[in-house]
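Throughout, protein chains are lettered first and strands after them, A, B, ... in sequence-line order, and every chain is numbered starting at 1. Since the model is a prediction, treat every value here as computed from it, not as a measurement.
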Protein chains: 2
Amino acid sequence: MWCDDRMTAKEPAMPSDAPSAIGRPGSYSKGVARRQEILDRAIEVFQERGADGTSLRRIAGAIGVSHAALLHYFDSREQLLVAVYEHAEKRRDETVVDLPEPERGIDIMIEAANANIEVPGLVQLYSTLVAASLEADAGPSREYFTARFERVREDLEQRLRREQAEGRMRADVDVRHVAALIVAASDGLQIQWLLEPSVELQASLETFGKLLAP
Amino acid sequence: MWCDDRMTAKEPAMPSDAPSAIGRPGSYSKGVARRQEILDRAIEVFQERGADGTSLRRIAGAIGVSHAALLHYFDSREQLLVAVYEHAEKRRDETVVDLPEPERGIDIMIEAANANIEVPGLVQLYSTLVAASLEADAGPSREYFTARFERVREDLEQRLRREQAEGRMRADVDVRHVAALIVAASDGLQIQWLLEPSVELQASLETFGKLLAP
DNA sequence: GTCTATACGAAGATAGAC
DNA sequence: GTCTATCTTCGTATAGAC
């Protein structure tokens with residue numbers, strides 16, 4: 001397990017495993033296979049511990065290498081964290097079951113949120129990195145999350161627009177506002193749920209869906 | 001300035017300045033006056049720099065004492081950060097203008113959100129502390145934010161219930177869900193706005209208000 | 001290319017002198 | 001009440017073994 005899509009050798013890798021935007025763009029010099037292996041292993045650590053308390057030395061220890069070795073594949077701890085989150089989210093997306101169409105935009109987010117909170121460390125890692133991206137002299141997390149928010153909002157916006165056109169959603173509200181609201185609500189509710197499980201994450205998001213009904 | 005409600009001497013302090021829940025409960029032994037003075041000064045540093053990059057040594061330097069001196073008034077860096085946030089939020093609440101009644105719950109949050117983003121460091125500090133509160137072995141931030149979320153949701157819930165009773169809000173949705181949604185949306189949108197100012201924080205929250213109209 | 005060993009400076013925290 | 005000194009751990013950088 002954990003190895004399904006891992007490269008089997010140190011070959012240049014297929015296009016689907018091309019270095020991510022956050023990795024080392026356009027460069028295979030650091031060994032894609034080993035990099036993936038490290039991520040696969042690191043993800044387990046973070047799923048348990050989140051982001052705090054997981055130093056480079058600790059992660060390295062869990063993997064069985066020196067902490068300096070990690071910096072051979074990632075420029076900094078923050079870049080490693082971002083790569084781990086990206087990696088974990090991809091895994092999650094593969095796990096999420098696609099509901100039969102027509103599926104509302106809000107339903108996509110409900111499924112994703114439900115999958116997220118099953119791995120508390122993932123939500124904590126997400127929150128930590130988002131906070132870091134707000135820093136004045138932000139590192140790689142800024143670029144990543146700016147792009148991620150943009151992408152998720154854009155995707156949601158398209159779906160909502162279609163729902164409006166098909167009469168499945170109120171037509172008297174701005175879809176761009178609603179898209180941003182859904183993302184914000186999903187993120188915020190996951191946090192509130194982790195701190196107080198009586199918050200009813202899924203039911204609250206479904207209430208939002210009810211507000212959007214035509 | 002910065003000193004309006006500060007204690008003038010090392011007297012036991014009035015009830016209104018009793019040590020906060022996050023401070024050192026029930027103990028005046030550490031000098032309330034000096035503590036307030038430190039907070040007043042520390043808040044300026046955080047309003048500029050947020051949370052990251054602001055070490056105990058840096059804050060201490062800005063105040064003119066050693067970092068060890070700060071730990072004489074606060075048990076840890078995290079406790080200082082929470083106290084600073086609590087202090088800053090109180091200041092903000094005093095600044096926010098109260099709209100004439102009847103004011104909707106969502107309007108309260110819009111005003112607060114607008115006041116927040118004028119001090120970017122405050123949003124960053126908030127995000128950092130919330131992320132820290134999700135940690136497995138969480139420090140003082142866990143208790144603080146659990147209570148804070150509870151309090152804000154509760155307050156919102158009461159307002160919404162009244163709005164429903166007076167026919168100013170849709171009656172077919174659960175107010176507890178909506179209260180959690182508003183808090184989540186406000187928190188999340190502030191972050192999205194900081195990363196991408198085209199997000200339209202206020203307009204999006206007003207769109208939410210539109211969804212709640214009867 | 002991959003990795004270990006090691007060093008450096010900064011960080012949070014603690015102990016004890018004044 | 002505040003300081004200096006010190007401990008441990010951290011991220012980062014470099015040198016060099018294989």
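- Partners of A:E154 by side chain to side chain donor-acceptor pair (under 3.5 Å), not counting sequence neighbours: none found.
- C:dA5 atom C1' lies 15 Å from atom CG of A:L70, rounded to whole Å.
- Rounded to an integer number of Å, the gap from CD of A:E37 to P of C:dT2 is 12 Å.
- Distance from the side chain of A:Y73 is smallest to C:dT2 among C:dT2, C:dT4, D:dC3.
- Legend: residues meeting salt bridge (Lys or Arg N to Asp or Glu O under 4.0 Å) with B:E163, ordered by chain and number and at least two apart, are absent.
- Between the side chains of B:S76 and B:E78, no donor-acceptor pair is found at a separation under 3.5 Å.
- Under the ring pair (Phe, Tyr, Trp, His ring centres under 6.0 Å) criterion, A:Y126 pairs with A:Y85, A:F145, not counting sequence neighbours.
- Distance NE2 (B:H72) to P (C:dA15): 14 Å, rounded to an integer number of Å.
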**Study point:** Per-nucleotide protein contact string for nucleotides 6-18 of chain D (B base, S sugar-phosphate only, - none; heavy atom under 4.0 Å)
**Key:** B---BBBB-----
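- Shown here are the side chain to side chain contact (heavy atoms under 4.5 Å, CB included) partners of B:A113, two or more places apart in sequence or in another chain: B:S186, B:Q190, B:L201, B:L205.
- The CG atom of B:L80 sits 15 Å away from the C1' atom of C:dA11 (whole-angstrom rounding).
- The stretch residues 104-116 of chain A participates, sequence neighbours left out, in these salt bridge (charged side-chain N to carboxylate O under 4.0 Å, His left out) pairs: A:R104-A:D107.
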